[in-house]
Amino acid sequence: MNQLLFISPILFPLLGVLINATLGKRMSEKAIGWLASLLVVASFGVSLILFAQLGGAPEDERLTWGAISLGIPWIQAGALSVPFGFLIDPLSATMMLVVTGVGALIHIYSIGYMHGDPRFARFFVYLNLFVASMLVLVMADSFLLMFVGWELVGLCSYLLIGFWFTNIKNAEAGRKAFVVNRIGDVAFILGILLTFVTFGALTFADVFAGVARRGESVQAAVAAITLLLFIGATGKSAQIPLHVWLPDAMAGPTPVSALIHAATMVTAGIYMMARTHVMFEAAPSTQAVVALVGALTALVAGYTALTQFDIKRVLAYSTISQLGFMVAAAGLGAYVAGMFHLVTHAFFKALLFLAAGSVIHAMEHHGHHHHPADPQDMRNMGGLRAKLPLTFVVFLIGGLALAGVPPLAGFFSKDEIVLDALKHNLPVFVLLTISAIFTAFYVGRQLVMVFFGQPRSDMARHAQESPAIMTAPLVVLAALTVLGGALNLPGVGALGYWLSPAVGEFKTHPLDVGLAGLFTLIALGGLAAGWLVYRHAFTTPDLTDPLSRLGPLYALSKNAWYLDALYQAVVVKGFYTLSSFLASVLDLGGIDGIVNGVGRLARGVAGWLGRAQAGFVRAYGVLMLIGVVALVTYFLIVGANAR
Amino acid sequence: MSPDLLLFLIIALVAVAAALGMLFSRSALYAALFLIMNFGAVAVLYLLLNAPFLAVVQVSVYAGAIMVLFLFVIMLLGAERLGRDPEPATMRWQRPLAIVLAVVLIVQAVYVFAARAGAAPAVAEAVDAGPLNIGKTLINSYLLPFEVIAIVLLAAMIGAVVLTRDK
Amino acid sequence: MNPILEALIKSVAVLAVALAGFAYMTWVERKFISRLQARIGPNRAGPFGLLQPVADGIKLIFKESITPANVDVLVYFLAPIVAVVPALVLFAVIPFGSDPAFQLASNINVGALYVMAVLGVGIYGMILAGWSSNNKYALLGGLRASAQVISYELGLGLAVLSVIMMASSASLNDIVAYQQPGNILGWLIFRQPIAAVIFAITALAELARAPFDLVEAEQELTAGFMTEYGGMKFALFYMSEYVKMIGMSALFVTFFLGGWSGPFVNEAPALSLVYFAIKVLACLLVMVWVRATLPRFRYDKLMGFGWKVLLPLGLLNVVVTALLIVAGVPGYK
Amino acid sequence: MDTAMPYVLLSAILFALGVMGVLIRRNALMIFMSIELMLNSANLALVAFARQWGQLDGQMFVFFIMTVAAAEVAVGLALIVTIFRARRSTNVDDLAQLKG
């Protein structure tokens, strides 16, 4: 029975999938939405109980306390033996709370947001399936099961990005996410295969024990494995160069962006690295790569976010940038800092997305319905502070947290990462600092463009506050954003000590006043700069971005470093060129020539041999028998001589 | 002569007689009955060879299913009385040659047996060949063939349905 | 005692009981159906018509043995024997009682598979009779019989498979032991109700008894494959059907009703024989009752029911049973 | 018996008889039955070898061969029925051309 309790967080949303998928067509919106939401709430409740029970266990037993083997050998073929089991340790318990907690809030929010959608039931089916899959990923005790969850969340992401598939652009965005993710997934599965080849096991415990036991002798293999795993993480967690799918993924409904593409799924890569930190720590070269890629991602994406006009795209690039912070932390070995930022980011970025959804919702539903303007374009907004007071307040809280204004959650978690960077890796520190400046600037820009000044379109003029079912989750998330920093205060470090059995030694350190001051200054300065630059933008007939005066630098940011164009030119075009070369030259000339030649030869020979074939099957049979008898005779003679 | 050997000889005689009976019977139905008899004899040999599971499967698969299917088709087609079509002119040589070759094959087999049987090592200790052990071996060591055979069966099922479906 | 001699004695005893059972089963059936139809039934030969089977037997034995023209003589004579033998050898593996003395070969580890094999061979009698009679009704009856029995054997096999899975043994002794003799809730009918229902239905179809008696549907096929048979040869078919009925009931009892188990078996092993007999008789009466109650299936419905209902249900039951066993649900481990 | 070789000899004889059946009969059903006889004799040899070496692998092969045989019979008989429907004959010599 205990086992059932342990896996019930997964089973609850699955139950929702089952019910809504089969009966959803006959149920009312309310019933569908609340059923799905309450099941996730139940899942959260159970997670909380498990969390508490885990907390009650003695500290040195917490790693093994929640190891659940269902007693079913999942795969048992030859040398491959993978038990089917789950693991609830401090790390996964924390993730379970984040996934189910934030997930529950977003489910509730979606009841309002998706109201009236013709595929309402399907949306909640996907959403529930996602929560279940994410829990599988998080609770897996082996690489293989984690990969199953990994692929399942990828599937849900794909389905939800293309949820409004009747618009071809959305379907294409879904496909892009799918294809780009596959690249990472191939690397991931190669990493898993290499792990199995090297260690002969796939459960985390066995593999880690293998790493510890064999140390030096497997160093090269571990380096290769971690590199492959990291490439997998770059796909899922949108790190350069595989980050291009995430901005497009904003085509999905906004709750999806909040849940999957900000708070949970995209952090799977960071979670995976924290989970396998034993291996990463045994591969310093990979760690250096990880830190550098993370910091570069933070910078590149932050820079891109500066000039976007789509309210969700800004947040998307911001998400990539913040994921870069977390990945950099993982690369620095500061898994606690990374996880801390993961949690706080889940709070404030979910908050920002949902608030942005509230803005979009208000623009769409209370403006002119057939309005040609884009309800997500910030140039059409402005002055919404008065129309959407509550949304404004929570967006402001989220934005300040993202910018890193103390004492909001984002400040503490970001601070911990940069402190680690300063101690261990100066280039990374510099990159992160610059991206922090960018962050504050685009947050300021976004706040100004959306909420201040005068409304710049009819939609904005007629916007009304969203219903309570949408704002209530916002308030809860805002509260979490305000209080989230307390999870791991400098000098106290509750989260760090809690996680330390799972992610390695942790020792809290007092607040570095100088660094904190610097980053507070950066945050406030960036916000102020954003405010100053955009205070009067887009109000005059001149609709150009004030930053466009920067010329090529502006274009670089606006076009997201031309990466999509580059991929189009190099990968897609290159592939086409190669294909057409293969088709016209190699295939037509070379292979077809050979094939035709062989064909002509065969036809000639066949014409000659055909006379031996009367078409009577028994004649062939006798010929075969002659062969058999001849062979047996031959072996008899050879055998006799051999003796 | 040990009772084992005696039993073997009797059953072997039945098996060979049934095979010959099948070979030379004028009616397909009698041939099928002779074949069933042969299969039954082989099933008993399996019992002697410490393969009780296979013996039972032999009876239920070959006798219980395959041969019933044969009988069914024979009756369905009314094809039990075998026609005596004249041999095609180009095939006159075929039948005598086949008989001669088959006899040569038998002679060779007997020769090998006579020359080498004495040199054969004694049989090893019998292993437990009950359903439990068979099942375990099947799932552990022969998992892939087992899955493949499942697909073969599925394909055969689809094939049979497609072939006999009225267009 | 010499084991061969012992086996011989036991076999003869079982044979005698089976034959007596057959004879009196015909009486029981006629009496019971009469009662269900508010008639009296046979009551002329002996008290309560108890000597009726004897009279019937004498009549059939002394009938002239007719061989119709143009039959395939060898097969025509062989068919009734082929029909009776499997029905009788079925009893070899059934544990009639708790003591080894009450069993022939119940310990073999392929017992349940042996049962399936024997049942599979059992249809040859019908097919051969149908073919050799040189009569279109008989042939159609034979063809129907083979199609029907092959189809329903699958469902039967799946039901038996569920039982084997539960007991994790194919030995009939193990299966009875698994059902915790002495505790009625241990009977597999309570833990495998679907398998039990499938077994019961497919058993009726295997026996070609109502409502599955299309093989000998008199309105369509006169007497089916038995049309051209009379006298002793007919009696043999009749016997094979009733002996098989008893055998099937015995199997149902063994698989689902705890076999010979019952109170005080340990103190008085002979009691187990009594329990077994009572349970078998109950099953037989249910069969007769079904015959008196249900109308016959239509042929296409019969095949559809076998392939589209019983087979999927049986498969589902096997899968669910496997899941329950693997998940270690209480009562399924 | 302290050797399984007589079984192998029997298997060889049955196999040769099966071969002979395939070659001298012209009825497709008869040929098919002869093939079954050949398969069966191969099975017997495998079981004999399994007994000789005290291992289960031979029996496993037999299990697989039986399954394949069942599949083969299902498809083969379906083919024969189809051909019979088209040509009213089960004589393989009537099937001497590749076109239907």
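Residue numbers start from 1 in every chain, and the chains themselves are labelled A, B, ... in the order their sequence lines are given, proteins ahead of strands. This is a predicted model, so every value here is computed, not measured.
The greatest number of non-hydrogen atom pairs below 4.5 Å with chain D, out of B:I99, B:V16, B:L138, is found for B:L138. If you tally non-hydrogen atom pairs under 4.5 Å between each of D:V62, D:L17, D:V68 and chain B, the highest count goes to D:L17. Chain D forms the most heavy-atom pairs under 4.5 Å with one residue out of B:V103, B:L69, B:V110, B:I158, and that residue is B:L69. When the candidates B:A65, B:G159, B:A32 are compared by the number of heavy-atom contacts under 4.5 Å with chain D, B:A32 comes out ahead. With chain B as partner, the option from D:E72, D:M20, D:M60 having the largest number of non-hydrogen pairs under 4.5 angstrom is D:M60. Comparing D:I13, D:V8, D:L44 by how many heavy-atom pairs each has under 4.5 Å with chain B, the most go to D:L44. Comparing B:N50, B:L154, B:L101, B:V148 by how many heavy-atom pairs each has under 4.5 Å with chain D, the most go to B:N50. If you tally non-hydrogen atom pairs under 4.5 Å between each of D:V81, D:N43, D:V19 and chain B, the highest count goes to D:N43. Between chain B and the residues D:T67, D:V47, D:V75, the largest count of heavy-atom pairs under 4.5 Å involves D:V47. With chain D as the partner, the residue from B:L105, B:L153, B:V152 showing the most heavy-atom pairs under 4.5 Å is B:L153.
Between D:L10 and B:L45 the shortest side-chain heavy-atom distance falls below 4.5 Å. Counting only heavy atoms from C-beta outward, the side chains of D:Q55 and B:V127 never approach each other to under 4.5 Å. Side-chain contact between D:E36 and B:F39 is present, with heavy atoms from C-beta onward closer than 4.5 Å. Using a 4.5 Å heavy-atom threshold, the side chains of D:L39 and B:Y62 count as touching.
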When you look at D:L14 and B:N38, which way does the side-chain contact (heavy atoms from CB on, under 4.5 Å) test go after all the steps?
CA-CA 10 Å; D:L14 290 179; B:N38 177 275; 3.7 Å; yes
Dump the intermediate steps for ring-ring contact (aromatic ring centres under 6.0 Å, His included) on B:F146 and D:F64, then the final yes or no.
CA-CA 8 Å; B:F146 185 71; D:F64 289 125; 7.1 Å; no
CA sep, side-chain torsions, deciding dist, call: B:I106, D:F15, side-chain contact (heavy atoms from CB on, under 4.5 Å)
CA-CA 9 Å; B:I106 293 175; D:F15 186 86; over 6 Å; no
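Here the closest heavy-atom approach between residue B:Y46 and residue D:N40 is recorded as OH-O, 4.1 Å. The shortest non-hydrogen separation linking B:A98 to D:L23 is CB-CB, 3.5 Å. The two atoms that bring D:R25 and B:S25 nearest to each other are NH2-O, 3.0 Å, heavy atoms only. Smallest separation of non-hydrogen atoms from D:A12 and B:A109: CB-CB, 3.6 Å. Residue B:A28 comes nearest to D:M33 through the heavy atom pair O-CE, 3.6 Å, listed as atom of the first residue, atom of the second, then distance.
In this structure, CD on D:Q59 lies 9.0 Å from OG1 on B:T137, to the nearest 0.5 angstrom. The line from OG of B:S141 to CG of D:L56 is 9.0 Å long, rounded to the nearest 0.5 Å. In this structure, OG on D:S34 lies 6.0 Å from CG on B:L23, to the nearest 0.5 angstrom. Separating the CE atom in D:M66 from the CD atom in B:Q58 is a distance of 4.5 Å, to the nearest 0.5 Å.
Proximity to chain B (any heavy atom under 4.5 Å) is shown, for D:A69, by both the backbone and the side chain. Contact annotation for D:F61: only side-chain heavy atoms (C-beta onward) come within less than 4.5 Å of a heavy atom of chain B. Contact of B:V161 with chain D is not made at all, since no heavy-atom distance falls under 4.5 Å. Neither the backbone nor the side chain of B:A155 comes within less than 4.5 Å of any heavy atom of chain D. Proximity to chain D (any heavy atom under 4.5 Å) is restricted, for B:M67, to the side chain, taken from C-beta onward. Only the side chain of B:F53 comes within contact range of chain D, with heavy atoms under 4.5 Å apart. Heavy atoms closer than 4.5 Å to chain D are found in both the backbone and the side chain of B:N133.
Partner of D:L77 under the side chain to side chain contact (heavy atoms under 4.5 Å, CB included) criterion, chosen from B:V73, B:I74, B:I66: B:V73.
Taking the six-membered ring wherever Trp is involved, the centroid distance between the rings of D:F63 and B:Y142 does not fall below 6.0 Å.
Between B:F70 and D:F32, the ring planes are perpendicular. Angles over 60° get that label, and only those under 30° would be called parallel.
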